[in-house]
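Since we're looking at a predicted model, the values are computed, not measured. Hydrogens, waters and symmetry mates are skipped; everything else that's a heavy atom, side chains included, is used.
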Amino acid sequence: MKNFKKIVFLFCLLISFISNGQISAEHLTCEMTENPLAVIQNQPRLSWQLVSKEFYASQIGYQILVSSSEENLKMDNGDIWNSGRVNSEKNLQITYSGTPLKSETKYFWKVKVWNQKGKASNWSKTASFRMSPLASDLNPVWIGAITKADSHLPEGRNYHTATFNRQKKDALINASDSLSRRSIMLRKPFEVKKEIKEAVVYISGLGHYELTINGKKIGNSEFAPLWTDYDKTVNFNTYELTAKELQNGENVIGVLLGNGMYNTLAERYSKFYVSFGPPTLFFKMKVIYKDGSEDIIKSDESWKYSKSPITYNSIFGGEDYNANLEQKGWNNKDFNDSTWKKVIVQEAPKGVLRAQTTTPVTVQKRYDVKEAKELKPNFYIFNMGQNLSGFATIKVKGKKGQTVRIWVGESLNEDGTVSQGKTGKPYYYDYTLKGEGIEEWQPKFSFYGYQYVQIENINYKKMKDENLPTLLDLKSNFIYNSAGEAGTFESSNDIFNKTHLLINNAIKSNFQSVFTDCPQREKLGWLEEIHLNGPGLLFNYNLESFIPATMQNIEDSQRDNGLIPTIVPEYVVFGGDFTDSPEWGVTGVILPWMYYEYYGDASLIEKYYPVMKKYVDYLGTKATNHIVSHGLGDWYDYGTHAAGYSKNSPIALSATSHYFYGASLVAKASKLLNKSEDIAKYEKLTSDIKNAFNKEFFNSETKQYGTSSQFSNAVPIFMDIVEPEYKSAVMQNLLADIKAKGDRLTTGDVGNRYLFQALARNGENELMYKMNNHYDAPGYGFQIKFGLTTLTEQWDPRKGNSWNHFMMGQIEEWFYQSLAGIVPDEKNPGFKHFFIQPEIVGDMTFVKATYQSIYGKIASAWEKKDGKLILKVEIPSNTSATIKLPVSTKGSEIKVNGKTTKNLRLGSGKYTIECKI
C-alpha cells in the first residue's frame, strides 16, 4: 500500500512538473472579440493569449486550424485553413489566409503553439466566428404601422428646444399618441417541420426593439440597436437561436418597437427634437435544417401589428404603460390576431445597414431601497443608495385602473421631494394596473440619471388605504455597456480609492451606445471626454470593439468640409463653437493612436487616415498664419467666474495647440503607413504651427505662455511645443502658480489632463498628491465629503447641473500610470514591452493595480514595510517589462524573488522585488 501511494505521489509530481513546463493558448478572439457573430472583414484577424507558469515564457511558433464544422476540427481537419507551423512569436492579429470565407457562415478554429524551448502545447479549446451577411444577402424590407410620408414627422437636424420651430414642435406633440410615435407590437407565425441544424436572426428595430421567440426574450440587450446617425449607418444585431428557443410546429416571432434617438418626442422633457421616421423593423431569420434545406423568414407584408400597452415612450421624457391594454399571449402560438392590422411596407432609413460588432447595453447591477421616507401620508421618497443611469422595477398590487407615477432624480429639493430642475423635467413613468394580483413592471425604452425615486398616493409594503395601490418592492437597475472591466486600483489613500469609485460610477453611467456627457438632460456624445480621459477609459474597460464603433460614428458625422462636430452622432446642431471646437473634433485624430498604443492594432489609423487628414486640413482652412482662434477652449476652467467658455486662458492658445497636436499625429500616421507624399507635408505643417504658436503665445522675458495660467503653460509642456532651452523655466512658472493658488488647480475639462500629465511626466508627482489629497474644492475630496456616489459636472456640486459627469475624471491615468506605474512603451505598442515604474508619494504605504492587457494580466503592487519597498509584479507570457524603482538604489541590494540582481528587464512571470528605502 505504501509503495502504491509512493507511485501515485511520484506520478502526480511528474504531471505537475510537466504541466509547469507547458504553455497553452487561451482566450481566443477573432477581430478582438470572443466568438463573434458578425465578422465583417473578408480576412479576419485571429488572436490568443499565452498562459504558462514558467518564467520568460514566449512563443516561437503556432499552427491554426479553421474548419467548417466542429466535427472536422475535433479530427484536426482544417478544411478551411491549415496554416501549418508558422515560426513566429506573434500571437495577436494573425490575418486569416485560407479559403475565401462565405457570408452568413459559421467557422470553428483552434490553435497550438510552441514555446521558447520548442515544446508544443495541446490544441486550444474550440473557438468560432460567424461571417456577417453582405448587404445583397439581406435585401432588407422595413415594416411598421405607418409610412414616413403619412406620419407627417418633421425631417432634418432640428435645433435644441430654445430655437425649435413652434409649428414643428406642435406637430410632434399632436403626433405623440399617433402611429407615427406609438410603440407597436409586431408578430409573425412560422412553421418548423424538420430537425434544425442552426437558426440565425438579423434584426434592426428603430429606434429600439425587444425581440421574443415564442414569448421568450432573445438576447439581454437594453436599448438595441446602439445609437448611430441613422442617415449614415443603421446597426443590426445578430442572434443565434438554440433548439430550446424553436419548437416543432408553429412558432411565433414577436417584436416590440420604441422610439429611442430615432424618433424623439416633444411632449414632456426633450433636449432636442429630431425624427428619422416612425418606428420601423427589419427582420431576417435563416433556418438551416440538418437535411441541408433552409427557410427564410423575413419582414414583409405578411406580418401584423397592434398598438402596445406602452402608450408613451421617449428617451428624454419617460414611459407610460397601461396593463389593461395587454394582449395575453400575443407573441405565442394559438393567439387570435384577427383584430390585428397588416403592416405597411415603409421607406428604408437612409443609412447603410451595418452589423453591430460591439457590445450591447445591459442591466449590470440592481440596487434595493437603501432608505424609505414618508414625506407626508402616502407620499414616499426612496433613496436607492447609488446615482446611476437606468430605470426602476416595481412590484405593485391594487385595483384595475389605478396608476402609479414614478418620478426619478439625482438630487432632492429643500422640501425633500425629487428634483429635476437642473436635469430636465418633467420626466416620469406611469404604470396603470390591471388589478390581477402582484404586477411587476419596468420601462423598456427610456432611462434617466437618478438616485432617488418619488412615488405619491401609494401604500408601501402594507395596505393602509384600500383605495390606493400598494408598492411591494422597488429596485433600481444600473444599465451600461457590457464591454467588461479591464482594470482594478486600490491604495492606502481613502480619497483616491473613493475617487476611483466616483469616477467609474460616472463612466459606467455614461457608457451607453456612445460615451455620453450625462445620463439625464442631454445623453449626447460630446467627444472631448473620450480622448482627455482616454488612458483611464482604456485601463478600466475593454474597448477593443467599442472604439472602432466610435470611429465609425465619427466618420459618419464628419462634414464634407472636414469638420468633425463636437457631438457624435450629431442629432442636434447647436451651431457656432458648440458645433466646431478643435479640442472636441481632434478626437477623430487622437483616438486611433490611443487604440494603437494600448492594443497594438494600427487598423484604425489605416482605415480612418482620410478622416484624420481631412480634419487637420479643415483646421488649416480656419487658421490665420497657423493660428486657430475659435472653439470653447479650456471648458469649465476653475475660478470665481461662472463655468463655461475658457476664462483663464486664451481660446486661440487652446485651439492652436490642438491643431498642432492633430497635425503631429497625422505626420506620425503618414510615416507609419508610408504615405510618402504626406510625410513631408505634415511634418512641415507641424513645425510651422509650433513656430507660430511660440511666436504668438510665448513671452521670452517672463518664460510664460498666454495669460501665464496653468493651462497656458501645461499644454505646451505636455505637447512638447516649448523649446527645450525654455522648458525648465516654463515648468518652474507652472509650479509657482500652483503653489500660489494653495496647491490647487485652475484648469478645466480640457486642461486637467495636460496639467496632471505635465506634472506626472516631469517628476512632480509629490505635487500631484498635494493637489488631490484634500477635501476642498476644486478637488475630488470635496465631492466625497458632499456624500456623492458619482463624479459631478463642476467641482462644487451645488453650482453645476449634472451630478453624473466623468469629464473631470482625468486622474485615473495618474492612478494607473504613476501610482501603480503601469506604463505602455510607445516603441512596443499593445504592451508587448512595458514599464513598471511606480511613484511613492505623500504618506502612502501601498498601491496595487491590475490591467487585463491583450497579452494577459499585468499586475503592479507595492508597499512600504519595515524600511523596505516590496514590489510585486506580474508580466504576461510573450511580453517583457522593465522595472524602474522609485527609490535610489545606489549601493542598495535589489532582490528579485529572493536573489540579488541588477537586471530589471524581466520576461513573463510573477516577481517579488525588494530593496531598502
Side-chain angles (χ1 to χ4, degrees), residues 156-164 207-208 223 226-233 259-266 269-276 314-317 361 389 410 422-424 427 446-449 479-481 506-533 537 546 549-554 556-559 563-581 583-585 587-588 591 631-632 635-636 644 749-750 790-793 800-809:
R157 301 303 160 112
N158 299 312
Y159 287 77
H160 56 92
T161 55
T163 58
F164 189 64
H208 295 306
F223 308 104
L226 299 185
W227 303 339
T228 55
D229 180 337
Y230 303 103
D231 282 343
K232 300 292 181 65
T233 290
N259 290 310
M261 285 292 193
Y262 186 73
N263 198 27
T264 63
L265 274 176
Y269 171 70
S270 281
K271 176 64 180 178
F272 55 86
Y273 311 115
V274 65
S275 178
F276 296 87
S314 165
I315 202 76
F316 285 111
V361 174
S389 61
E410 58 184 22
K422 294 181 178 181
T423 55
Y427 181 100
S446 190
F447 72 94
Y448 200 74
I479 63 154
Y480 51 91
N481 197 282
I507 292 173
K508 289 171 182 174
S509 294
N510 289 286
F511 192 0
Q512 303 296 325
S513 293
V514 298
F515 278 118
T516 60
D517 60 325
C518 57
Q520 2 75 7
R521 75 173 193 269
E522 288 198 11
K523 300 183 174 81
L524 289 172
W526 292 89
L527 285 179
E528 93 294 355
E529 59 191 358
I530 303 177
H531 78 84
L532 293 167
N533 287 277
L537 295 173
F546 193 82
T550 301
M551 286 305 302
Q552 179 66 62
N553 281 335
I554 288 173
D556 287 347
S557 295
Q558 187 172 38
R559 306 272 180 86
L563 165 67
I564 296 174
T566 54
I567 56 172
V568 169
E570 194 182 17
Y571 295 126
V572 54
V573 181
F574 289 117
D577 296 322
F578 289 96
T579 287
D580 180 8
S581 191
E583 304 84 354
W584 277 247
T587 306
L591 201 53
L632 301 171
W635 180 251
Y636 269 46
D749 172 25
V750 178
T790 48
L791 188 64
T792 67
E793 187 176 18
N801 288 322
S802 168
W803 283 7
N804 204 340
H805 261 62
F806 75 90
M807 70 181 187
M808 299 288 198

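In terms of modelled atom types and a separation under 3.5 Å, the side chain of T790 and the main chain of W803 share a donor-acceptor contact.
A distance of 9.5 Å separates CH2 in W635 from CG in D577, rounded to the nearest 0.5 Å. The structure places CG of D580 at 8.5 Å from CZ of R559, a figure rounded to the nearest 0.5 Å. With values rounded to the nearest 0.5 angstrom, F447 atom CZ is found 9.5 Å from S509 atom OG. The NE2 atom of H805 sits 8.5 Å away from atom CG of D749, with the distance rounded to the nearest 0.5 Å. For the atom pair OG (S446) and CG (L265), the distance works out to 9.5 Å, reported to the nearest 0.5 Å. If you take OG on S275 and CE on M261, they are separated by 13.0 Å, rounding to the nearest 0.5 Å.
I564 has its side chain out of reach of T587: every pair of non-hydrogen atoms, C-beta onward, lies at least 4.5 Å apart. Looking at T233 and Q552, their side chains come closer than 4.5 Å, going by heavy atoms from C-beta outward. Put simply, the side chain of P519 does not reach to within 4.5 Å of the side chain of Q512, judged on heavy atoms. Under the 4.5 Å side-chain criterion, counting only non-hydrogen atoms from C-beta, I507 is not in contact with N533. The shortest distance between side-chain heavy atoms of N804 and C518 does not fall below 4.5 Å. Side-chain contact between F276 and Y571: present, with at least one pair of heavy atoms (C-beta onward) separated by less than 4.5 Å. I315 places none of its side-chain heavy atoms less than 4.5 Å from the side chain of N259. Residues V573 and F272 fail the side-chain proximity criterion, which asks for heavy atoms closer than 4.5 Å.
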Evaluate side chain to side chain contact (heavy atoms under 4.5 Å, CB included) for N801 paired with E522, printing each intermediate quantity in order. CA-CA 11 Å; N801 288 322; E522 288 198 11; over 6 Å; no
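Scored by the side-chain contact (heavy atoms from CB on, under 4.5 Å) test, S513 finds L226, W227 as partners (sequence neighbours excluded). Applying the ring pair (Phe, Tyr, Trp, His ring centres under 6.0 Å) criterion to Y427, with sequence neighbours excluded, gives Y429, Y448. For K523, the salt bridge (charged side-chain N to carboxylate O under 4.0 Å, His left out) test picks out no residue, with sequence neighbours left out. When the side-chain contact (heavy atoms from CB on, under 4.5 Å) test is applied to S581, the partners found at least two apart in sequence or on another chain are T566, E583, W584, L632. Checked against side chain to side chain donor-acceptor pair (under 3.5 Å), E793 has the following partners two or more places apart in sequence or in another chain: R521, Y636.
In terms of heavy-atom proximity, S802 sits nearest to Q520 at OG-NE2, 2.9 Å. Across all non-hydrogen atoms, the minimal contact from Y269 to S314 is O-OG, 4.4 Å. The two residues P565 and S557 make their nearest non-hydrogen contact at CD-O, 3.4 Å.
Here the rule is side chain to side chain contact (heavy atoms under 4.5 Å, CB included) with V514, and of T228, L527, N553 only N553 fits it.
Taking the six-membered ring for Trp and thresholds of 30 and 60 degrees, F515 and F546 have ring planes more than 60 degrees apart, a perpendicular arrangement. The aromatic rings of W526 and F574 lie parallel to each other, their planes meeting at an angle below 30°, with 60° marking the opposite boundary.
Residues in residues 509-520 take part in no salt bridge (Lys or Arg N to Asp or Glu O under 4.0 Å) pair, two or more places apart or across chains.
Ring centroids of F511 and Y480 are separated by 6.0 Å or more, keeping the two rings apart.
A donor-acceptor pair shorter than 3.5 Å cannot be found between the side chains of T423 and E410.
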